[in-house]
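Okay, so here's the structure we're looking at.
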Amino acid sequence: MALAGEVVGEEVTTDEIASAAGVSKRTFFRYFASKEAVVVRFLTDLGAGIHRELAARPAGERPSLALRSVLSGPLAACADHSDRALRVVQLILRTPALHARLLERQGRWREGLAAELARRPDLGPDHELYPELAAGMALTAFNTVLHRWSDSDGTADPEALTEQAFALIAPALDGTRRQT
């Protein structure tokens, strides 16, 4: 385990992570062995929540609306806790090892979202590739919004960015639905 203040890879110290999270170094080490452990735990929990929320959405709901709804929640939470969330998001996005963990976990999110989309009854007959592609598009939109919000230092509105992103991809997300 690293000592408080010691650099823990990629030039980011545990002091910086504790400060960004708004906790003391002592509290940080009580719950986490490393900065990567913080990110992995947070992202694992976030992914599980997104999957649960998609599973709870109405089966006949347009995929674009369902995916936008489940992914806009975490983005709205960032805006609600702007200062602290912005520091944490920027730390993750600007630290290669932490950003890699985000992308790794999102691969698992994609699998869960794709599996849930594949269960929906209204997909057309040529839907074999659809679930994974749709999940990937939605997560790309999520990442784009996250980056734009982070790059704006929190001045951009995540809700407006999410609406814009999903308006662009909605035709592709909803185009494979079986016409009744």
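By convention here, the first residue in the shown sequence is residue 1.
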Please name the residue in the list T95, L93, V88 that meets the side-chain contact (heavy atoms from CB on, under 4.5 Å) test with L91.
T95
Rounded distance [0.5 Å steps], [atom1] in [X] versus [atom2] in [Y]:
| X | Y | atom1 | atom2 | answer |
| --- | --- | --- | --- | --- |
| I50 | S69 | CD1 | OG | 12.0 Å |
| R101 | I92 | CZ | CD1 | 12.0 Å |
| T44 | R108 | OG1 | CZ | 7.0 Å |
| E61 | L67 | CD | CG | 9.0 Å |

Is the backbone N or O of [Y] less than 3.5 Å from a side-chain atom of [X], with the two atoms forming a donor-acceptor pair by type?
| X | Y | value |
| --- | --- | --- |
| D174 | S64 | yes |
| W109 | L46 | no |
| S150 | L146 | no |
| E132 | A114 | no |

I'd like to check [X] versus [Y] (side-chain heavy atoms, cut-off strictly below 4.5 Å). Are they in contact?
| X | Y | result |
| --- | --- | --- |
| L161 | T144 | no |
| L113 | R110 | no |
| N143 | L103 | yes |
| L173 | L65 | no |
| L117 | R120 | yes |

Donor-acceptor list for residues 162-172 side chains, cut-off 3.5 Å, not counting sequence neighbours:
from, atom 1, to, atom 2, distance (Å)
T162, OG1, P158, O, 2.7
E163, OE2, R68, NE, 3.3

Are there over 12 heavy-atom neighbours, none belonging to R148, within less than 6.0 Å of that residue's CZ?
no
Residue E104 excluded, over 12 heavy atoms near CD under 6.0 Å:
yes
Ion pair R119/E116, N-O distance below 4.0 Å:
yes
L75/W149 under side-chain contact (heavy atoms from CB on, under 4.5 Å): CA gap, chis, key distance, verdict
CA-CA 9 Å; L75 294 166; W149 180 70; over 6 Å; no
Restricting to salt bridge (charged side-chain N to carboxylate O under 4.0 Å, His left out), what partner residues turn up for D153, sequence neighbours left out?
none
